Amino acid sequence: MTSPEAGLAVRWKQQAPDDVTKNLTQRDQFSGEKVGLTEALVREAFQNILDAEEPHRKTPIRVRVGITKPIERPDPFMGGLLAKLAPHLQACGIGVTEAQLRNPGFLVFEDFMTTGLTGAWDKHDQGGWNGFFRAFGASNKGGKTGGRWGLGKLVFTSASAIRTFFALTVRHDDAPRVPLLMGQTILRTHEINGALYGTHGFLALPGEDGTIQLPCQDDEVIARFREEAGVIRTMEPGLSVAVALPTQDVTREQLLRFLLDNYFFPILDGQLEVDVDGTLVTAATFDAVLKQFGGEDLKGGRMAAFIRAVGEARKAPPMVTAPEGWHGAQRMGLPEPEVQKLREAYKASEVVVVQFPIMLRDRDGAVRATHVEVAMRKASDGERGGAVVVRNLITVPAEADRIRAPGSYVALLAQDDPLVEFLGDAEGPAHVDWNANATLVNERWKNAGTRLSEVRAAPRKLVELLAPALAEEDPDALIDELSIESELRAARLPSEKTRKPKDGKGKVPDDLPAAKPKWRLQKRQGGFVLASGPGLEEADLPMRLRVRAAFDVPAGDPFKRHHRLDFDLNGGPGVSITPEGATVAAEDAKTVIVTADAAPFRVNFEGFDARRDLVVEARRLSK
């Protein structure tokens, strides 16, 4: 199968009888309930771009996102190259017309001030070219770069109705610099006329089976590709990816929205400038573009204003650096003057920035001292606040959802290289959350679960520290807490001697939570959280808790009236239990035993019917 006129051919290796049949199931990792396909496309494309920043660059990374509409031409695209894919597409049940293959549209991502696909292109190595085209399920990335899984190319093919993309690259370290052009199609294993073909096809120079696929370097062919695909790169280092025949749900408006939602941090920080089909998004234009295209979380510009304020605050050293052992100490182990300084700054609507040390240990036993920063500011009247989690330059949305600080803006910033590397190893392919059980993070780091718990604990600890100031500003700010540490209670409740019962009679209840509870229960929409309290110490571990849950009933004991059909904690559908620093064993449909092994620990219980009131009880068991 060749296309001599275009200089490129469709190369698809026929499988041998003894080859293992492999089909791709990982596409779903880029399209889920939390992040859909278009958002995953934006996140993955820009993650790859930021990973490839040119060393020692002095200017922002520039990105162009272009939408090239199908144009009727006398000759088909690249001399009919895509028509050669038709048998493979048909064998996989992909219905496209001859006209679509003749005159396809393109979605183009082009980056500048980047390295391009470095490494060997004519043999296998660990460089960027092979990682992009020839490695699947394995990545050459590490360190502070974002990708780990070697699945990024799937999101480009998933955004194509014919599962095809082209890549034109100029490498910053080539001398002389020569553009390289090659494409790829990823389908499922399929059969044509009795012959079995694998999942990956290449749009490369003609070649025999068993020889490596090579890119085109012909000036005329590349010039034609630029014109017909709508690519502007000439000799500037970087990468241009052209997604052929993009799916109809990829629109300019969606691209802009998800760019603003996910990459506002590097844009506002002046490190990234993007042109999306003629709309320029920079630090200077951000607010104007946001008003027209921003999602609900950013509308009004309040979160953007907070991020800008954080950027200014971080030009100075952190207001406070927590001492070692902060995660297990009351008030984070800070002396009273520093506690009051933070609270007063928070009450004055200043951005409070605290640095939390984290001690990582890799599998070789080397200690890597690092840190995470948490910034927090009181929201103005009428604002609900919000949270953002940033690893290096990418937001991690599911981790931001964990942060509970009504009436405040909170930013968790992981930007120190060792911590960026550690958290990158804990991320899944879509970069939306961290997983303490991920294979990669446990292969490379010791006590990964405990260290990840410490990172997640940092914003909670700062919220708890500022809780009295928060309660003073808004007495109902933490009304959804089922158990609150003593300082917050003191800020909200009068003393035993001065307060009176509501009816003027009776006795003030004396069954209030302990001053320093060792664990806490917190409400969540559709669930609850069991977490360590300020009184938990290493000497208490391991600590065993029996946790019971049931839906409330008009009369009688809700636990006795619980039915397995309400929910089943013993592996039933719907309810999910996610422990951090703890293990969970089901006792029956409504009861689990939680064994806390680390301080802090946290167990999320989610998936309950949010329309019904949930009653929860936690009692400590003897060791």
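From a predicted model like this one, the values you see are computed outputs, not experimental measurements. Residues take their numbers from the sequence shown, with the count starting at 1.
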Within the distance-only criterion (no hydrogens, no angle test), does the side chain of [X] pair as donor or acceptor with the backbone N or O of [Y] below 3.5 angstrom?
X      : Y      : result
Asp269 : Gln271 : no
Ser158 : Phe156 : no
Thr285 : Leu280 : yes
Ser408 : Val410 : no
His327 : Ala599 : yes
Asn130 : Lys123 : yes
Tyr263 : Thr395 : no
Arg404 : Gln522 : no
Gln184 : His200 : no
Asp111 : Leu239 : yes

Mind checking what makes side-chain hydrogen bond (donor to acceptor under 3.5 Å, both in side chains) contact with [X], not counting sequence neighbours?
X      : answer
Asn442 : none
Arg402 : Glu399, Glu580
Thr247 : Asp249
Asp362 : none

Without hydrogens or angle criteria, can the side chains of [X] and [Y] be said to hold a donor-acceptor pair below 3.5 Å?
X      : Y      : value
Asn604 : Glu606 : no
Asp51  : Gln47  : yes
Gln415 : Asn392 : no
Thr185 : Arg163 : no
Thr169 : Arg233 : no

Does the side chain of [X] reach to within under 4.5 Å of the side chain of [Y], using non-hydrogen atoms?
X      : Y      : answer
Thr114 : Leu50  : no
Leu41  : Val250 : yes
Met332 : Leu465 : yes
Asn262 : Ile394 : no
Val108 : Arg64  : yes
Pro60  : Leu272 : no
Phe528 : Val547 : yes

Review point. What residues form a side-chain contact (heavy atoms from CB on, under 4.5 Å) with Asp173, not counting sequence neighbours?
Key: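 Thr118, Arg171.
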Sorted by chain and number, sequence neighbours left out, side-chain contact (heavy atoms from CB on, under 4.5 Å) with Glu383 holds for Arg302, Ala379, Ser380, Tyr409
(Q) Tell me whether the rings of Phe165 and Phe133 are parallel (<30°), tilted (30 to 60°) or perpendicular (>60°). (A) parallel
Using 4.0 Å as the upper bound for N to carboxylate O, is an ion pair formed by Glu464 and Arg520? yes
Electrostatic pair Asp425-Arg444, nearest N-O below 4.0 angstrom: yes
Taking only residues two or more places apart in sequence or in another chain, which ones pass ring pair (Phe, Tyr, Trp, His ring centres under 6.0 Å) with [X]?
X      : result
Phe109 : none
Phe106 : Phe77
Trp326 : Phe356
Phe112 : none

- If you take all heavy atoms of Val281 and Val289, which pair is closest and at what distance?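 Scanning both residues completely, I find the closest heavy atoms to be CG2-CG1, 4.1 Å.
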Of all heavy-atom pairs linking Leu536 and Ala598, the shortest is CD2-O, 4.3 Å
Residue pairs passing the salt bridge (Lys or Arg N to Asp or Glu O under 4.0 Å) test with at least one member in residues 304-326, sequence neighbours excluded, are Asp287-Arg308, Glu312-Lys315, Arg314-Glu373
- Phe567 ring center near Phe608 ring center (under 6.0 Å):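 Ring-ring flag for Phe567/Phe608: true, centres closer than 6.0 Å.
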From Gln355 CD over to Leu413 CG, what is the distance, rounded to the nearest 0.5 angstrom?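 Going from the CD atom of Gln355 to the CG atom of Leu413 covers 11.0 Å.
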Across all chains, not counting sequence neighbours, the salt bridge (charged side-chain N to carboxylate O under 4.0 Å, His left out) partners of Arg361 are none
